[in-house]
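Whatever order the structure lists them in is the order used to number ligands and atoms, beginning at 1. Note that the coordinates shown come from a computational prediction; the quantities given were computed from them, not determined experimentally. Basis for what follows: all heavy atoms, side chains included, without hydrogens, waters or symmetry-related copies.
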Amino acid sequence: MRASSPPIVAIVGAGFGGLRAAQTLSGAPVDVVVIDQNNYHTFQPLLYQVATAALPPTEIAQPVRAILRRHSNVTYRMASVTGVDLQRRRLLLSTGEQAYDYLILAAGSQTNYFGMPSLAEHSFGLKGMGDAILLRNHILQQFELAMQTSDPDECQRLLSFVIVGGGPTGVECAGALAELVDFVLVKDYPWLAETDVCIYLLEAMPALLPGLDPRLQQAAADMLDRRHVHVRCRASVTGYDGGAVTLKDGETLPANTLIWAAGVRAVDLMAALGVPQARGGRVPVAPTLQVPGHPEAFIVGDAAYLEDHGRPLPMVAPVALQQGQLAARNVLRLVAGQPLQPFVYHDPGTLATIGRNAAVAQLGRFKFRGFLAWVLWLGVHIVQLIGFRNRLVVLINWAWEYFFSERGARLIVNDDTFNRLARAPDSAERARAA
Ligand SMILES: Cc1cc2nc3c(=O)[nH]c(=O)nc-3n(C[C@H](O)[C@H](O)[C@H](O)COP(=O)(O)OP(=O)(O)OC[C@H]3O[C@@H](n4cnc5c(N)ncnc54)[C@H](O)[C@@H]3O)c2cc1C
């Protein structure tokens with residue numbers, strides 16, 4: 001470590017974990033450098049709202065520099081981290097190198113296709129802003145194409161949407177897509193009946209929203225059913241050729257759209273660390289969040305593997321936020337020569353919305369469904385969005401949609417350059433993942 005200047009803390013990732021770590025280190029006697037490949041922070045829990053034209057992309061993202069500019073000891077470098085040299089304490093970047101004294105890795109996760117190349121190639125993931133915009137373009141385009149075909153089979157394929165994964169992302173995406181059709185698109189396309197559109201939500205487990213109280217699981221399934229979503233549990237997808245989905249039992253579902261919300265795995269960068277990996281590519285860390293054998297390096301959020309009462313911590317935002325804060329505090333304890341603290345997870349509960357006035361919420365032993373859960377969901381998401389302007393505009397957008405059943409963001413931004421750019425990082429990622 002250099003004698004005179006403050007130690008350098010490098011943070012990889014300006015997602016939930018990385019930003020919380022940087023904010024915790026604000027004003028501390030360290031120089032912080034945050035590195036992210038994107039110059040914006042994405043509020044991933046609302047990506048499906050961009051994909052279903054409920055919100056424009058700018059409302060769920062915020063420039064990293066705007067978030068960090070108040071913190072004078074924190075700087076930002078836009079770069080892709082391609083490697084980590086734990087021995088030499090250096091990050092290899094697309095733009096050069098970054099030395100560090102302490103490291104907090106918060107690089108998150110990527111879509112997990114569980115080794116099924118056909119899904120990686122043809123389905124739509126929902127992990128980043130590029131995915132969400134691409135999906136929005138595609139969904140809206142299916143309706144334009146359906147309007148112009150006289151072939152009934154083609155029309156059915158165009159208007160069939162299969163969402164795979166019955167966790168909160170899949171449930172929310174299915175509900176939002178159904179509302180887009182029921183409240184907005186039926187007005188845009190006068191020939192279209194709600195029942196012309198087939199939305200399937202497939203889940204391999206026996207119930208939606210695994211881990212929630214069975215009554216809430218059933219309530220969510222009932223709410224989706226009322227919105228004409230075909231919920232199929234115990235349905236495993238084994239392949240997709242872009243026109244038909246194949247299930248494990250041999251059944252095929254014709255559909256031009258498959259949205260893959262069935263799982264994520266730690267980003268590939270974790271494999272480059274050269275340390276053991278657990279299931280889903282996550283890296284096992286000590287309770288203090290340190291990488292075993294490298295006390296100066298911490299991993300937080302989706303990329304870290306740590307158990308709580310014998311079960312892996314979930315890959316959710318509260319874990320990343322709480323770990324980001326603890327890792328930053330533990331860095332400062334190391335700097336001060338104090339003992340480190342272990343991670344203790346405080347679970348704030350689970351919320352999932354199906355649409356207007358419809359949601360389920362499990363907060364400890366309290367369980368809500370319907371309107372109350374929906375209001376809770378609205379409140380929690382508005383509070384968590386970064387930036388006052390974003391909160392206000394999102395609130396206005398939602399109110400507008402609620403009262404006038406309109407979605408202004410239903411633009412097909414579909415020129416070739418955009419598609420190439422939107423798809424490029426993901427296709428490389430997809431090819432590797434498959
Ligand atoms: C569609 C969707 C819906 C979700 N809904 C919910 C929800 O309702 N509630 C909930 O609690 N959680 C939800 N999650 C999960 C939650 O978003 C994640 O658990 C959380 O974002 C993890 O935080 P993180 O800091 O580990 O990673 P992230 O927030 O993903 O941040 C990782 C950052 O690292 C950057 N990065 C990655 N690799 C590199 C690299 N090589 N070089 C430079 N930068 C890099 C990325 O650009 C990104 O900014 C959802 C996730 C998705 C995808």
Side-chain angles (χ1 to χ4, degrees), residues 10-22 33-52 60-62 64 67 76-84 91-95 98 104-112 124-132 135 163 165 167-173 176 209 259-273 282-283 289 299-305 313-325 327 347-353 359 361 377 380-381 384 386 425-426 428-429:
I11 299 176
V12 178
F16 286 106
L19 279 186
R20 179 56 61 89
V33 54
V34 176
I35 301 152
D36 199 297
Q37 60 206 359
N38 297 320
N39 77 333
Y40 55 86
H41 165 80
T42 306
F43 190 80
Q44 292 175 31
L46 291 180
L47 274 175
Y48 77 92
Q49 295 231 347
V50 172
T52 55
I60 66 155
Q62 182 83 335
V64 178
I67 300 168
Y76 165 66
R77 273 185 88 168
M78 182 174 170
S80 182
V81 179
T82 54
V84 183
L91 295 172
L92 314 177
L93 312 181
S94 52
T95 55
Q98 173 68 53
I104 300 177
L105 283 167
S109 54
Q110 64 194 38
T111 307
N112 191 355
F124 288 83
L126 197 50
K127 189 61 192 136
M129 195 62 89
D131 288 338
L135 182 53
I163 298 159
T169 303
V171 165
E172 294 189 339
C173 193
L209 300 171
I259 303 168
W260 187 254
V264 290
R265 50 176 287 113
V267 288
D268 289 340
L269 182 63
M270 292 303 109
L273 290 180
R282 300 166 87 186
V283 173
L289 306 178
I299 306 180
V300 305
D302 285 2
Y305 180 89
L313 283 165
M315 293 159 97
V316 291
V319 171
L321 288 165
Q322 293 173 33
Q323 290 189 337
Q325 184 172 52
D347 184 357
T350 303
L351 293 157
T353 180
W377 181 92
V380 165
H381 284 75
Q384 285 180 345
I386 289 182
D426 292 333
E429 219 168 64

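- Less than 4.0 angstrom separates some heavy atom of Lys127 from each of these atoms of ligand 1: 53 (C).
- Scanning all protein heavy atoms for the shortest distance to atom 13 (C) of ligand 1 gives Pro45 CG, 3.9 Å.
- Remark: ligand 1 atoms within the under-4.0 Å shell around heavy atoms of Gln44 are 1 (C), 2 (C), 3 (C), 17 (O), 21 (O), 28 (P), 29 (O), 30 (O), 51 (C), 52 (C), 53 (C).
- Side-chain atoms of Phe43 and Gln49, non-hydrogen and from C-beta on, never get closer than 4.5 Å to each other.
- In this structure, the side chains of Pro45 and Phe16 come closer than 4.5 Å at one or more pairs of heavy atoms.
- For ligand 1, the atoms lying closer than 4.0 Å to a non-hydrogen atom of Gly15 are 25 (O), 28 (P), 29 (O), 31 (O), 33 (C), 49 (O).
- Gln44 and Lys127 share a donor-acceptor pair across their side chains, judged by distance under 3.5 Å alone.
- Considering only heavy atoms from C-beta on, Leu269 comes within 4.5 Å of Val12 through its side chain.
- Not a single N or O atom of Glu172, backbone or side chain, sits closer than 3.5 Å to an N or O atom of ligand 1.
- The closest approach between Pro168 and ligand 1 stays at or above 4.0 Å for every heavy atom of the residue.
- When only interatomic distances are considered, the shortest N/O to N/O separation between Leu126 and ligand 1 does not fall below 3.5 Å.
- Only the side chain of Ala320 comes within contact range of ligand 1, with a heavy atom under 4.0 Å; no backbone atom does.
- Shortest contact from atom 37 (C) of ligand 1 to any protein heavy atom: Ala107 O, 3.1 Å.
- Heavy atoms of Ser80 approach ligand 1 to within less than 4.0 angstrom.
- Near Gly301, meaning under 4.0 Å from any of its heavy atoms, are these atoms of ligand 1: 26 (O).
- Here the rule is side chain to side chain contact (heavy atoms under 4.5 Å, CB included) with Val81, and of Asp36, Leu92, Leu93 only Leu93 fits it.
- Less than 4.0 angstrom separates some heavy atom of Gly13 from each of these atoms of ligand 1: 33 (C), 34 (O), 35 (C).
- With hydrogens left out, the protein atom closest to atom 27 (O) of ligand 1 is Gly108 CA, 3.3 Å, a heavy atom.
- Looking at atom 21 (O) of ligand 1, its nearest protein heavy atom turns out to be Phe16 CD1, 3.1 Å.
- Distance check, rounded to the nearest 0.5 Å: CD1 of Ile104 to CZ of Arg20 gives 13.0 Å.
- Nearest to atom 19 (O) of ligand 1 by heavy atom, out of Thr353, Asp302, Val171, Leu93, is Asp302.
- The distance criterion of under 3.5 Å between nitrogen or oxygen atoms is met by Asp36 with respect to ligand 1.
- The atoms of ligand 1 that sit less than 4.0 Å from any heavy atom of Asn38 are 47 (O).
- Ranking the protein heavy atoms by distance from atom 16 (C) of ligand 1 puts Ala317 N, 3.8 Å first.
- When the options Arg77, His381, Gln323, Gln37 are ranked by their closest heavy atom to atom 43 (C) of ligand 1, first place goes to Gln37.
- With a 4.5 Å cut-off on side-chain heavy atoms, Ile299 and Leu289 do not count as touching.
- Residue contacts with ligand 1: Ala79 is included, with a non-hydrogen atom under 4.0 Å away.
- When each atom of ligand 1 is checked for a heavy atom of Met315 under 4.0 Å away, the hits are 15 (C), 19 (O).
- When side chains are defined from C-beta on, Asn38 does not count as touching Met129, because their heavy atoms never get closer than 4.5 Å.
- Under 4.0 angstrom from ligand 1, the non-hydrogen atoms of Val81 come from both its backbone and its side chain.
- Counting the atoms of ligand 1 from 1 in the order shown, those under 4.0 Å from a heavy atom of Gly17 are 25 (O).
- With a 4.5 Å cut-off on side-chain heavy atoms, Thr350 and Leu209 do not count as touching.
- Residues Leu126 and Thr169 are in side-chain contact: their nearest non-hydrogen atoms beyond the backbone lie under 4.5 Å apart.
- Residue Leu269 has no N or O atom closer than 3.5 Å to an N or O atom of ligand 1.
- The shortest side-chain heavy-atom distance between Tyr40 and Gln62 does not fall under the 4.5 Å cut-off.
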